[in-house]
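I have placed the structure first, in the form of structure tokens, so that the comments after it can refer back to it.
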Amino acid sequence: MGDLKHIVVAKFKEGVNVDEIVKGMEKLVSDVEAVKSFEWGHDVESNAMLTQGYTHVFSMAFRNSDDLTAYLGHPSHVAFSTTFLEAIEKILLFDFPAVVIKASA
């Protein structure tokens with residue numbers, strides 16, 4: 001088994017400054033020791049029908065469920081989640097233990 005992954009797929013509301021939200025996410029994960037890694041990206045080439053309007057993906061890795069729980073309860077996460085959720089039109093969230101088939105080099 002690999003890390004515990006926390007994946008958020010988001011569609012932002014019209015007019016939201018996504019760059020500010022991303023900067024807030026970057027600051028958040030820097031403030032929380034429990035976050036092992038953080039990656040994000042936005043869709044650039046998919047068919048709009050397949051993305052269903054979702055535009056951004058945020059991915060975090062944690063060593064275990066205790067670290068995820070620590071992140072979710074961290075004061076910085078609690079404070080930022082209000083800002084993040086107010087900017088979201090639609091959201092998907094998945095927490096899962098990663099099954100690693102081929103690790104990156």
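In this text, all values refer to a predicted model and were calculated from it rather than measured experimentally.
When the side chain to side chain contact (heavy atoms under 4.5 Å, CB included) test is applied to T69, no partner is found at least two apart in sequence or on another chain. Not counting sequence neighbours, D66 has no partner by the side chain to side chain donor-acceptor pair (under 3.5 Å) test. Listed by chain and number, the residues in a side chain to side chain donor-acceptor pair (under 3.5 Å) with N64 amount to none (sequence neighbours excluded). For K36, the side chain to side chain donor-acceptor pair (under 3.5 Å) partners at least two apart in sequence or on another chain are D3. Scored by the side chain to side chain donor-acceptor pair (under 3.5 Å) test, H56 finds no partners at all (sequence neighbours excluded).
Listed by first and then second residue, the salt bridge (Lys or Arg N to Asp or Glu O under 4.0 Å) pairs that reach into residues 41-57 come to none, sequence neighbours excluded. Screening residues 48-63 for salt bridge (Lys or Arg N to Asp or Glu O under 4.0 Å), with sequence neighbours left out, gives R63-D67.
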Side-chain donor-acceptor pairs under 3.5 Å in residues 15-28, sequence neighbours left out?
| residue | atom | partner | partner atom | Å |
| --- | --- | --- | --- | --- |
| N17 | OD1 | D19 | N | 3.2 |
| N17 | OD1 | E20 | N | 3.2 |
| N17 | ND2 | E20 | OE2 | 3.1 |
| E26 | OE2 | W40 | NE1 | 3.3 |
| K27 | NZ | D31 | OD2 | 2.8 |

Acceptor/donor pairs from residues 70-83 side chains to any protein atom, 3.5 angstrom cut, sequence neighbours excluded:
| residue | atom | partner | partner atom | Å |
| --- | --- | --- | --- | --- |
| H74 | ND1 | S76 | N | 3.0 |
| H77 | ND1 | L72 | O | 3.1 |
| S81 | OG | H77 | O | 3.3 |
| S81 | OG | V78 | O | 2.9 |

May I have the list of side-chain donor-acceptor pairs in residues 87-97 shorter than 3.5 Å, sequence neighbours left out?
| residue | atom | partner | partner atom | Å |
| --- | --- | --- | --- | --- |
| E89 | OE2 | K11 | NZ | 3.1 |
| K90 | NZ | Q52 | O | 2.6 |
| D95 | OD1 | H6 | ND1 | 2.4 |

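The shortest heavy-atom contact between F62 and A34 is CD2-O, 3.3 Å.
Y54 and F84 sit in two unconnected hydrophobic clusters of ILVMFWY residues. Membership requires side-chain heavy atoms under 4.5 Å apart, directly or through other members. By the rule that hydrophobic residues join a cluster once side-chain heavy atoms approach within less than 4.5 Å of another member, V32 and L85 end up as members of one cluster. A chain of hydrophobic side-chain contacts below 4.5 Å, direct or via other Ile, Leu, Val, Met, Phe, Trp or Tyr residues, connects L68 to F38.
To the nearest 0.5 Å, atom CE of residue M60 and atom CG of residue L4 are 12.0 Å apart.
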